[in-house]
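So the structure is just underneath, and the comments pick up after that.
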Amino acid sequence: MDTIKTEVYNILESAIHAAVDAGELAISEVPTIPFSPTKTPEHGDIATPIALGLSKQARMAPRTIAEIIVKHIDTAAHAIIRQIDIAGAGFINIHLSDNYLYDTLHTIAAMQAAYGTCEKGAGKQVQIEFVSANPTGPLNIVSGRAAAVGDTLVNLLNAIGYNAIREFYVNDAGGQVQRLAESIDVRYRQALGEDGLEIPEGGYQGEYLQEFAQTIVETNGDTHLRLKTDERVALFRDKGIAHILGQQKASLERFGVNFDVWSSEKAIRDSGKPEEIIQLFQEKKYLYEAEGATWFRMTDFGDDKDCVVIRQDGEYTYFVPDAAYHRDKFDRGFTTVIDLLGPDHQGHISRLKSLVKALGLPDDWLEMSIIQQVNLVNAEGKRQDMSKRRGQFYTLDTLIDELAETVGEQFAVDVARYFFLMRANSSHLDFNMELAITHASENPVFYIQYAHARCCSIFEQGDEHGITPKPIEEVSLKRLTEPMEHELIRKLAEFPSIVRLSAEAREAHRIPHYLYELSGIFHPYYNQHRVLDPADMEKTHARLILIQSVQTVLKNGLTLLGISAPTSM
RNA sequence: GCGCCUAUAGCUCAAUUGGAUAGAGCAACGGACUUCUAAUCCGUAGGUUGCAGGUUCGACUCCUGCUAGGCGUACCA
């Protein structure tokens, strides 16, 4: 379709130039001609509001401009155009010849799994960092949402020709993991019968640490009590991080998300890079001393307050290793870096923007997007509170476990991914478990998967009756005359631009919606028109090509989302 | 207080980034399996896009001011 668009674009552009040359249109320059896919077949296959856009410059009524432009198009001279209408306020609606509509089917047949991809990104290196949960507990469902979105964005960027990678930043240093270690220590001693202990302020209450402490007791007994407290806590920190990180990795793997790079905050701290950053900031006079701490002049970069970089006790705040980490990302050669942040990281955005300026990096090098909160709602629509420290939270694994009870493991992952991807990143998401479980059959993901399964089923049935699909070159596509068939083809033709748009806007949710719409044309078609008709094999083969195309696009789309495309349901 | 996000049909969400008559699903009502899978389809009904202005040929979309809800605003990460 894109080649068709180019062809139509050129025709329109030369028509406008011709009108200008003929002195009928008084404009100084021809702007980029916008195209909008049509909502209804009456509006043709491609439409442009260019006449409306030119109206001010040309000081003429939009409809008059449209008429002048169309006058300079010799419809008969262009095989691609069947008919041109002017409608509404001055829209130019272009109806394509059927042959060009059928080109979409040829493209799909030729490209197969690659249909929808392009080379626009020219192999540029992009990094998406997402999830990056603290190694202090199991992944919750917000992390699950981030995992689904980040994974899909990487797929999308790779589809349009970028070289994108998935990265997870492990915060395995600093205060949080220290409190984790202290919490494990308390649980360990409690497991050995010590009374009167409490989880420290800011520590982690979750049962998972009691279970973990129990396994330590089972393998090592009370031997760790002989260590000095500091040494024991340090030991538990390493053990705890390794244990929890292992669990997080397992959860992500189960969810179908595999990171290419795992970065470690501890490694960054040990690399000496934070010291280089501090030195750089000092040279640039970004730092000052106050109240016994070292501050960064964030206000110089438009922020509303300065922030501490070295605490009174001499330790770095998170900002320094974070700065070093982003510097490291740049040094690794990424032309674009995208951070998907959790809802509790809003404050990071302005600080990281300031940081990018302070490091002298291009403004648009770092993109940040908040993956908004996921509220788990019960049947009454009541929200459930999720606090990791209090230990009341709903994990990604629990979500999949519960879904799997009714729909099985594979569909559980599919449903969860689809739900997480359905909404725009910046929107809050209500995940209604009751609905997802009790009304599983009404779930949109099944609607799409069922469409794919039905396509497969047609070929299976055909096979049983000795009907084998022919190569597209041997098929008379002219037999695809039904309005619904043309509607399907137009929808299939949209796919590559949906993928491109979705990737460029970082809006993964467009893909689920597109697939749902495509299925919404396919199902009625399937109900109203029989594909396999032994009495008319020519028509049958034409329709089989169409079904193959639908099947391919559904599968390609689902693959981008990391959702399975079942052959039967 | 300041900042970010959100507000569209009874409910959950779309609307190709400023375009044509704002679309789907669920819930409600009425219909379709002797037919490639009924996890489907057909039909009916449902709207002052939170409120008030502004920008323009044109606004759910952009600007200003309100209202309501969520989140953030650490010498935690």
Side-chain angles (χ1 to χ4, degrees), chain A residues 34-40 42-43 47-49 51-53 55-56 61-62 87-91 93 132 134 136 169 171 173-179 202 265 291-295 304-305 307-313 315-319 321-322 343-350 370 372-373 375 381 383 422-428 430 432 435 439-444 446-447 449-451 453-462 464-465 467 494 497-498 501-502 505 507 509-510 513-514 516-517 519-520 522-533 540 543 547 568-569:
Chain A
F35 284 116
S36 52
T38 53
K39 283 176 187 163
T40 140
E42 292 158 34
H43 294 156
T48 175
L52 294 94
S55 113
K56 192 170 188 177
F91 289 89
N93 293 336
S132 296
N134 285 336
T136 52
Y169 182 50
N171 297 119
Q176 308 274 39
V177 288
Q178 182 63 24
R179 262 159 306 214
E265 181 186 347
E291 300 164 43
T294 305
W295 297 70
D304 55 354
K305 57 181 94 158
C307 74
V308 170
V309 290
I310 303 176
R311 303 191 310 220
Q312 276 181 345
D313 63 8
E315 294 286 326
Y316 294 137
T317 61
Y318 90 94
F319 187 77
D322 215 34
D344 51 340
H345 285 61
Q346 276 172 29
H348 278 35
I349 292 183
S350 63
I370 296 281
Q372 270 296 356
Q373 193 160 359
N375 294 310
R383 290 183 174 166
M422 249 181 350
R423 300 200 51 180
N425 302 346
S426 57
S427 295
H428 294 228
D430 279 347
N432 190 326
L435 200 73
H439 297 279
S441 66
E442 287 153 9
N443 199 305
F446 293 116
Y447 187 78
Q449 290 180 317
Y450 187 47
R454 273 183 153 175
C455 289
C456 297
S457 168
I458 292 171
F459 292 112
E460 209 169 293
Q461 278 294 319
E464 278 174 28
H465 292 89
I467 301 171
E494 272 180 44
S497 53
I498 295 283
L501 214 68
S502 185
E507 286 177 345
H509 73 278
R510 310 188 84 92
H513 286 280
Y514 168 81
Y516 191 74
E517 284 166 10
S519 304
F522 169 77
H523 283 304
Y525 173 70
Y526 178 92
N527 267 275
Q528 286 163 40
H529 303 284
R530 245 194 109 73
V531 172
L532 301 173
D533 180 5
T540 297
R543 289 184 171 178
I547 298 303
S568 70
M569 287 176 78

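Just so we're on the same page: letters track the sequence lines, and every chain starts at 1.
- B:C4 is paired with B:G70 under the criterion used here, namely a Watson-Crick or G-U wobble arrangement in which both key atom distances are under 3.5 Å.
- Under the Watson-Crick and G-U wobble criteria, each requiring two contacts below 3.5 Å, nucleotide B:U21 is left unpaired.
- Nucleic acid contact for A:Glu315: none, since no nucleic acid atom lies under 4.0 Å from a heavy atom of the residue.
- Here, B:C51 and B:G47 have their P atoms 14 Å apart, quoted to the whole Å.
- A:Tyr526 comes within 4.0 angstrom of a nucleotide base, judged by non-hydrogen atoms across all strands.
- Backbone-only engagement by A:His509 is indicated by non-hydrogen atom pairs under 4.0 Å involving sugar-phosphate atoms exclusively.
- The side chain of A:Tyr450 places an N or O atom within less than 4.0 Å of a non-bridging phosphate oxygen (OP1 or OP2) of B:A39.
- Checking B:C41 for Watson-Crick or G-U wobble geometry (two distances, each under 3.5 Å) identifies B:G31 as its partner.
- The base of B:C76 lies close enough to the side chain of A:Gln176 for a donor and an acceptor atom to sit less than 3.5 Å apart.
- Going from the P atom of B:U61 to that of B:G18 covers 11 Å, rounded to whole Å.
- Checking B:U48 for Watson-Crick or G-U wobble geometry (two distances, each under 3.5 Å) identifies no partner in any strand.
- Counting atom types as modelled, A:Asn93 pairs a side-chain N or O with a base atom of B:A20 as donor and acceptor under 3.5 Å.
- Stacking between A:His43 and B:A20 is shown: the ring centroid lies under 5.5 Å from the centre of the six-membered base ring, and the planes differ by under 30°.
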